[in-house]
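Here the structure comes first, spelled out in structure tokens, and everything after it is commentary.
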There are 2 protein chains.
Amino acid sequence: MNLKQLSSALGLSQTTVSRALNGYPEVSEATRLRVQTAARKHNYNPSSRAKGLATGKALAIGHVIPVSTKHEMVNPIFGDFIAGAGETYSRNGYEMILSIVNDVDEESVYRGLKSRHAVDGVVVHGPTLNDPRIPLLTEIGLPFVVHGRSSGATSPYAWLDVNNKRAFNRAANFLYDLGHRRIGLVNGLEGMDFAHRRRAGYEETLRANGIPIDTALLRSGEMTEDFGFQSTRDMLALERPPTAIITASMISALGVRRAIEDAGLVMGRDVSVLTHDDVLSYLRNGADIPIFTSTRSSVREAGRLLAEMLLAEIAEPSDTPPNLLLEAELMVGLSTGPAPTDMP
Amino acid sequence: MNLKQLSSALGLSQTTVSRALNGYPEVSEATRLRVQTAARKHNYNPSSRAKGLATGKALAIGHVIPVSTKHEMVNPIFGDFIAGAGETYSRNGYEMILSIVNDVDEESVYRGLKSRHAVDGVVVHGPTLNDPRIPLLTEIGLPFVVHGRSSGATSPYAWLDVNNKRAFNRAANFLYDLGHRRIGLVNGLEGMDFAHRRRAGYEETLRANGIPIDTALLRSGEMTEDFGFQSTRDMLALERPPTAIITASMISALGVRRAIEDAGLVMGRDVSVLTHDDVLSYLRNGADIPIFTSTRSSVREAGRLLAEMLLAEIAEPSDTPPNLLLEAELMVGLSTGPAPTDMP
DNA sequence: AAAGAAATTGAAAGCGCTTTGAGTACAAAT
DNA sequence: ATTTGTACTCAAAGCGCTTTCAATTTCTTT
């Protein structure tokens, strides 16, 4: 059933039917009702292609997911983020278009989306330091919001981020207050902006408390369970092992935990662990009492909010790009405790 | 730059330019080359909307992701599956459209995708027993392939599945051969077809070996880390605890492991653990020696293959829907060992 | 009752592409 | 010299919508 058929079935012009369905005021309420009922009855939905062609809007948002060519790794937060954003889209009649792309030919994907008029805007995932996508999108004039930020960007752009630096300030401070002086960091990949900021927060707080940075306690890599495990195992084998470890995700935290227990130690007593928690649906951090002490910020909620920002920006572009900085919550769980006193 | 502009820039008609770009034979090679060069130079890409309108194809595949209203859970395998499918799509010039939908109003989403001509086909995720989407899609005539199967379906439909039953046959057999007689099952949600088949495989093998099914050793729920933990903790507290546990995913396996160690036991010695492993990119099961003994089947590869099936089906529908049954590989790791002899 | 305003409806153009049916030019065949 | 191919090229219609501009009907006002 298309518009033509529907309107002739109703004995009305396409114009009137179109107006009735799109809420234009020049249609009598009686007619509108009649049209709406008929549309529902015949299960009529305007073709999005035709609509898009006529209006010049795509009613779609692109998400370009970079898959690192190195490890073929899909960021595990992605599912939850998408779920959050998707809610906003469907509430607003937008479609979500996903492009999985290896990081090499990202540029052409963005250009393609733009020139094919496939989307009205895009979400930039996983920003790096000096992310080239930001100037690119600005140049080609495709509306976008970055999930995260990009240190080094020279002009303003729209973003939504967690205050990673402050989160890790607080994480390090919390451990310091518990008496820990050797605190390891199992961070995400250097080059990722979030990892950079987290490390900055960690180092700042340590320095502020007079603790020199020991690079032996600094690891960075893709946040897999195995990476958490290996990093921790190696650090625990040091002459002066850390008494606490801060890590960047629940998944790596599971690996950290495994290494601690493999070493015959007890998490929360011998070694404290503090993780960032994105509140992924399948990795709930314990129900009442969190297993891991964590800095907590729901990535799903971030998706919801970011999508709203983007849609607002598309509806009426502002002259100063919107920014939103979310604070992470510090949740005390069972994985942290006072620094062991029997250590040197 | 649109077709009109490009063709007038070239001094050719739109017809010729269109044909040149789409590989039609009635265009001289010289012209084609000239057109292609100009198109590249001006970064011309045909509008997908206009193209779709003219051809009647959407050049897009829909993925409708059900999010359970109960737990707001996004299946963690989803990211990797999508990554696999996405590769196939982009190689074939297709777009992927994602709809996140709570399980209640799924039907209207499928009908909408069809009537809006938004997609040429869809992938059905997470099939249940007697999944209503299969008759629905068949009825409305939207091509689809199911990732998994649906026990109880009355007519043939296209699917790609892992041989879950045989996988769990082998899993149970492997443990039986190691001397285990009390084998727990931490399964996915009853109602999900894959969980049903796995349980069938498990029960079949136990019965075949003369072991009665003990419902105290059977758990089913959403496959979170916490669910693995709680189920295992409870089972270990039984009067006659299991000496081995089979679980449905790496994530729940991590919880199983945690419960075992919390109980002061050693995985692989006191309690054996065997898990199904979807080979998720962020949960690699150890590099050389797998940590967990597992039945292994890459969900990413499944995504790739399934997308190919669907595109082939769209290109030329076959009269008998294609099916593909993948076998899971049994990988022996460190989490299993002979049943402890000191147990009754 | 006439005139102007307001409300309601419709015909047709246009969005950017593909594709049909027709036309032109040139070489080869009769 | 005419016919028959062959190789190119193009004008125009059509895909299903929105939207402009114009037309008609109904209501107010005088």
Side-chain angles (χ1 to χ4, degrees), chain A residues 1-36 38-39 42-60 93-95 112-120 315, chain B residues 1-36 38-39 42-60 93-95 112-120 315:
Chain A
M1 169 76 50
N2 61 25
L3 184 60
K4 196 168 175 179
Q5 297 167 331
L6 179 63
S7 46
S8 78
L10 279 161
L12 289 170
S13 73
Q14 300 190 32
T15 312
T16 304
V17 174
S18 168
R19 281 182 180 144
L21 293 173
N22 290 304
Y24 282 69
E26 332 54 345
V27 163
S28 75
E29 276 314 307
T31 312
R32 189 190 305 282
L33 212 65
R34 203 159 69 86
V35 171
Q36 283 172 339
H42 293 97
N43 191 32
Y44 167 77
N45 280 92
S47 148
S48 26
R49 294 198 296 271
K51 193 163 185 160
L53 190 53
T55 57
K57 336 218 100 272
L59 289 179
Y94 272 73
E95 231 116 64
L113 285 174
K114 167 75 177 181
S115 64
R116 283 184 349 249
H117 304 278
V119 299
D120 298 321
Chain B
M1 168 75 50
N2 60 25
L3 183 61
K4 196 169 174 179
Q5 297 167 333
L6 179 63
S7 48
S8 79
L10 279 161
L12 290 170
S13 74
Q14 300 189 32
T15 312
T16 305
V17 175
S18 169
R19 281 184 177 143
L21 293 172
N22 290 305
Y24 282 69
E26 358 9 16
V27 164
S28 74
E29 275 315 307
T31 312
R32 190 190 305 282
L33 212 66
R34 203 159 68 87
V35 170
Q36 283 172 340
H42 293 97
N43 191 33
Y44 166 78
N45 280 92
S47 149
S48 26
R49 293 198 295 270
K51 193 162 183 160
L53 192 53
T55 57
K57 337 217 100 275
L59 289 179
Y94 273 73
E95 230 116 64
L113 285 174
K114 166 74 178 184
S115 62
R116 282 182 350 248
H117 303 278
V119 299
D120 297 321

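These numbers come from the heavy atoms of this one structure, side chains and all, not from hydrogens, waters or symmetry mates. All values derive from a computational prediction rather than experimental measurement. Order of the sequence lines fixes the chain letters, A, B, ..., with proteins taken first and strands second; residue numbering starts at 1 for each chain.
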Item checked: Closest-nucleotide 5' rank along DNA chain D - winner of A50(B) and Y24(A) -> A50(B)

Next item on the list: Go through N2(A) and L6(A) one step at a time and tell me if the side chain to side chain contact (heavy atoms under 4.5 Å, CB included) criterion holds.
Entry: CA-CA 6 Å; N2(A) 61 25; L6(A) 179 63; over 6 Å; no

Checklist line | Side-chain donor/acceptor of R116(B) to base of dG16(D), under 3.5 Å | finding: no

Next item on the list: Examine the base of dT19(C) for any acceptor or donor lying under 3.5 Å from a partner atom in the side chain of T15(B), and report the outcome as yes or no.
Entry: yes

Next item on the list: Identify which nucleotide among dC10(D), dC17(C), dC17(D) has an atom closest to any side-chain atom of R19(B), counting heavy atoms from C-beta outward.
Entry: dC10(D)

Margin query: Whether S13(B) contacts dA11(D) is assessed here as follows: a side-chain N or O lying under 4.0 Å from the phosphate OP1 or OP2. Is that the case?
Written below: no

Margin query: From the set dT18(C), dC15(C), dC8(D), return the single nucleotide nearest to any side-chain atom of T55(B).
Written below: dT18(C)

Checklist line | N45(A) side chain vs S115(B) backbone, donor-acceptor pair below 3.5 Å | finding: no

Check: Any side-chain donor paired with an acceptor under 3.5 Å for S28(B) and T31(B)?
Finding: yes

Notebook entry, point to check: Across the strands shown, which category fits S18(B) at heavy-atom distances under 4.0 angstrom: base, sugar-phosphate, nothing?
Noted result: base

Item checked: L53(B) side-chain proximity, nearest of dT18(D), dT8(C), dC15(D) -> dC15(D)

Margin query: Counting only side-chain heavy atoms from C-beta out, which of dG14(D), dT9(D), dT18(D) sits nearest to A54(B)?
Written below: dG14(D)

Note to self: If you assign E26(B) and S115(B) each to the DNA chain D nucleotide with the nearest heavy atom, which residue ends up on the more 5' nucleotide?
What the structure shows: E26(B)

Note to self: Starting the side chain at C-beta, find the nucleotide from dG16(C), dC17(C), dG10(C) nearest to P46(B).
What the structure shows: dC17(C)

